[in-house]
Each structure stands twice: as C-alpha cells, then as structure tokens.
Amino acid sequence: MTDANLSERALPTLYIVPTPIGNLADITQRALEVLANVDLIAAEDTRHTARLLSHFSISTKTFALHEHNEQQKAAALINRLQQGQSIALVSDAGTPLISDPGYHLVTQCRDAGIRVVPLPGACAVVTALSASGLPSDRFSFEGFLPPKTKARQDTFRDLADDPRTLIFYESPHRIRDSLADMLAVLGPERRVVLARELTKTFETIHGAPLGALIEWLNEDPNRLKGEMVLLVAGHRADKNALPQSACRALGLLAAELPLKKAAALVAELYSVKKNALYKWGLENL
C-alpha cells in the first residue's frame, strides 16, 4: 500500500468494498489491498466470500453480516471499530447496500462518528444501464420487484408516468410473471432491456418493445437463467394524452360521483383539460 494508505489505516475505518458481479478480474487493486489489510471482513455470506479470498490468497478473518442479523450484529462491529480496528464490508457481489445488507451498519457508524470510506467498483445497476441504449442522464433504481402480482402491478402503476429510465432487479423464477404484470400495466410498446449474467460467459443484453421481449424470452429456456436486471424506458408524454394517474383518479371518483363532477375535480388536481377527461371517461368507464 502507498504511504498515504498506510497512514489512513492508522484510523479505525469501515471500508465499503465492491466485489465482482461475475468476473473475478473486475476486482480493483485497491479493493484487494483493503481486504488483505483490514482486521476483519463483514460478509453477507462468509462461505461465498471465502472463495473470493482464497482465489486472491487473502487470509483476513470474516464475520457474517446479512439481512437477518445486521441490526443485532452491527453493535459488535461498532465496538471493534471503536477499539481501533478497521473493517471491510462486502456483499456477495457488487457494491454493498445496493439491494444488499449494510445500511444499518453504515448509519450507525456515521452516527458514532466512525470514518466510512467507500471504494468504487462493480455494480450491476450501472453496468446494465451503460450498455442498455436507454437514456442514462436520469434514472431511478427501484431494487427488487415485489413477489406478489398485486404489489407488482401497483408498483408499475405508480411508476407508469415517470419519465426516467427505471431499473429493477429480478430473479429467474419470477421474471415471466413480472413481465406479464408489466405488460398488463405499461402495454406492449414500452421499450424494455433485459440484462442477464452480466460479466459472465453467457452475458446477454437484449432490448425490445415489451411484447416482443416476452416472445424472445420464451423462445429459449436458457434466457430464463441467471441474475437479471430489467431496464424500462421512461414514459414519453404525448402532449394530447392524459396522464395515466389522472385517468385512474377519474375512474375512482366516477364510481362515487357524476362523471362531469369527477372530471372537474380531477382536472383541477392534475392541471389537465376537463373536457378531455370527460370524453375519456365516456369512452372508457
């Protein structure tokens, strides 16, 4: 390590250390130096991390810190840090805290005045976005989709009018159901990119209108395998189109009020034309 890094090690520090999302060659030299020199590594799965450490001949001790024990075990790690030790936080793959454990530990460290140092590195969200061909100037990472159909569809409805690129994680055994729910809410023409097995041998990044993407996915069972990132093009508003949220609100109010009154209320709330809402209601409700 450099003289600067050695002097930094004199201070008790929590290091946030990204690890490869598939290709071990993607780990940084700085990450290896930190992992080799800290007093302890807090790992999401110590067995998984042991394989990574063995590959790079690193013998640092590990401590299990995962979603089921983080709030209880964070105090023990804070105590070690306060005694002068330095700790590296890693997840199974990618950057800790990005849909992985670590939030409670980092929050408690900052509250306790303990130095927290983040290292740059692998992250499936950014990796997928950079190659997706979708706008990257504004995006929203939404994490894992809910496991149940109603909650998933509610999520898609809430985000239907969002102009940003939307990014989700999804598992192979739920991908078909999630895309079916997305189709029901967003329709077949919304552009979606599926990125799977990023940085691995069978890496695939495929984009198409949602209806066509579902057909492509069903053509080959192998396309259903591996860790997946879903990227959804943001909503592009037609100047003459009504916001979906306004239409949903009209549907709810029209069930209790005359359509004209409901349209007037929704028009005021969403700053849209009352006549356009009324016409839409006549045709769709």
Report task. Mind running side chain to side chain contact (heavy atoms under 4.5 Å, CB included) on Val125 and Thr95 for me, showing each step along the way? Result -> CA-CA 10 Å; Val125 174; Thr95 300; over 6 Å; no

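- Using a 4.5 Å heavy-atom threshold, the side chains of Leu40 and Arg80 count as touching.
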Report task. Kindly indicate, with the supporting measurements, whether the criterion side chain to side chain contact (heavy atoms under 4.5 Å, CB included) is fulfilled by Asp45 and Thr49. Result -> CA-CA 6 Å; Asp45 184 333; Thr49 298; 5.7 Å; no

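- Note that the OG1 atom of Thr127 and the CD atom of Glu203 stand 9.0 Å from one another [nearest 0.5 Å].
- The number of heavy atoms from other shown groups lying within 6.0 Å of CD (Glu256) does not exceed 12.
- No donor-acceptor distance shorter than 3.5 angstrom exists from the side chain of Thr13 to the backbone of Ser86, with no hydrogens or angles considered.
- Classification of Arg174 and Asp177 as a salt-bridged pair fails, no side-chain N sitting under 4.0 Å from a carboxylate O.
- In Phe56, the CZ atom is crowded: over 12 heavy atoms of neighbouring residues, nucleotides or ligands sit closer than 6.0 Å.
- Atom CG in Asp92 sits 9.5 Å away from atom CZ in Arg47 (nearest 0.5 Å).
- Interatomic distance, CE of Met228 versus OG of Ser178, reported as 10.5 Å (0.5 Å rounding).
- The nearest pair of heavy atoms linking Ala64 to Asn69 is O-ND2, 3.2 Å.
- Side-chain atoms of Glu170 do not come within 3.5 Å of backbone N or O of Ile175 as any donor-acceptor pair.
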Report task. Determine, stepwise, if the pair Tyr15 / Asn37 fulfils side chain to side chain contact (heavy atoms under 4.5 Å, CB included). Result -> CA-CA 11 Å; Tyr15 293 94; Asn37 286 282; over 6 Å; no

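- Cluster membership check: Leu97 shares its hydrophobic cluster with Ile114, using side-chain heavy-atom separations under 4.5 Å among Ile, Leu, Val, Met, Phe, Trp and Tyr.
- In this structure, Thr204 OG1 and Leu217 CG are separated by 10.5 Å, a value rounded to the nearest 0.5 Å.
- In this structure the side chain of His235 never reaches within 4.5 angstrom of the side chain of Asp162, judged on heavy atoms.
- Across every non-hydrogen atom of Leu129 and Pro135, the tightest pair is CD1-O, 4.0 Å.
- A donor-acceptor pair under 3.5 Å is formed between the side chain of Arg152 and the backbone N or O of Pro146.
- Side-chain contact annotation: Glu142 with Ser140, donor-acceptor N/O pair under 3.5 Å present.
- Taking both residues in full, the closest heavy atoms of Arg191 and Pro209 are given as NH1-CD, 3.9 Å, listed atom of the first, atom of the second, then distance.
- Transitive grouping of hydrophobic side chains (ILVMFWY, heavy atoms separated by less than 4.5 Å) keeps Tyr169 and Leu179 in distinct clusters.
- Counting heavy atoms from C-beta on, the side chains of Phe63 and Ile41 never come closer than 4.5 Å.
- At a threshold of 4.5 Å between non-hydrogen side-chain atoms, the residues Lys200 and Asn23 do not count as touching.
- Using bins of under 30°, 30° to 60° and over 60° for the plane-to-plane angle, the ring pair His206/Trp216 lands in the parallel bin.
- Here the CG atom belonging to Leu231 is positioned 9.0 Å from the CG atom belonging to Leu194, to the nearest 0.5 angstrom.
- Checked against Val232 for a side chain to side chain contact (heavy atoms under 4.5 Å, CB included), the options Leu159, Leu134, Val193, Leu166 give a single hit: Leu166.
- At most 12 heavy atoms of other shown residues, nucleotides or ligands fall within 6.0 angstrom of atom CD in Glu227.
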Query - Asp100 and Ser91: CA distance, side-chain angles, deciding distance, side-chain hydrogen bond (donor to acceptor under 3.5 Å, both in side chains) verdict - result: CA-CA 6 Å; Asp100 280 327; Ser91 60; 3.3 Å; yes

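- Annotation: cation-pi geometry not satisfied between Lys225 and Phe202 (NZ/CZ under 6.0 angstrom from ring centroid, within 45° of ring axis).
- The local environment of CZ in Arg248 is crowded, with over 12 non-hydrogen atoms from other residues, nucleotides or ligands closer than 6.0 Å.
- Side-chain contact between Leu81 and Cys109 is present, with heavy atoms from C-beta onward closer than 4.5 Å.
- Note that CZ of Phe144 is 5.5 Å distant from OG of Ser99, once rounded to the nearest 0.5 Å.
- Leu105 has its side chain out of reach of Ile87: every pair of non-hydrogen atoms, C-beta onward, lies at least 4.5 Å apart.
- Proximity of Phe156 to Leu145: side-chain heavy atoms (C-beta onward) are separated by under 4.5 Å at one or more points.
- Ala160 approaches Gln244 most closely through the heavy-atom pair CB-OE1, 3.4 Å.
- Summarising the local packing, CD of Glu268 is surrounded by 12 or fewer heavy atoms from other residues, nucleotides or ligands at distances under 6.0 Å.
- Within the 4.5 Å cutoff, the side chain of Gln82 has no heavy atoms near those of the Pro12 side chain.
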Report task. Any chance you could lay out the side chain to side chain contact (heavy atoms under 4.5 Å, CB included) test for Val17 and Leu89, step after step, and finish with the verdict? Result -> CA-CA 6 Å; Val17 182; Leu89 173 67; over 6 Å; no

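- A side-chain donor-acceptor contact under 3.5 Å links Arg176 and Asn218.
- Aromatic rings of Phe141 and Phe168 (six-membered ring for Trp) have centroids beyond the 6.0 Å cut-off, not under it.
- Arg164 contributes no side-chain N or O that, together with a main-chain N or O of Asp137, makes up a donor-acceptor pair within less than 3.5 Å.
- Heavy atoms only, all atoms of each residue included: Ala195 and Ala128 are closest at CB-CB, 3.9 Å.
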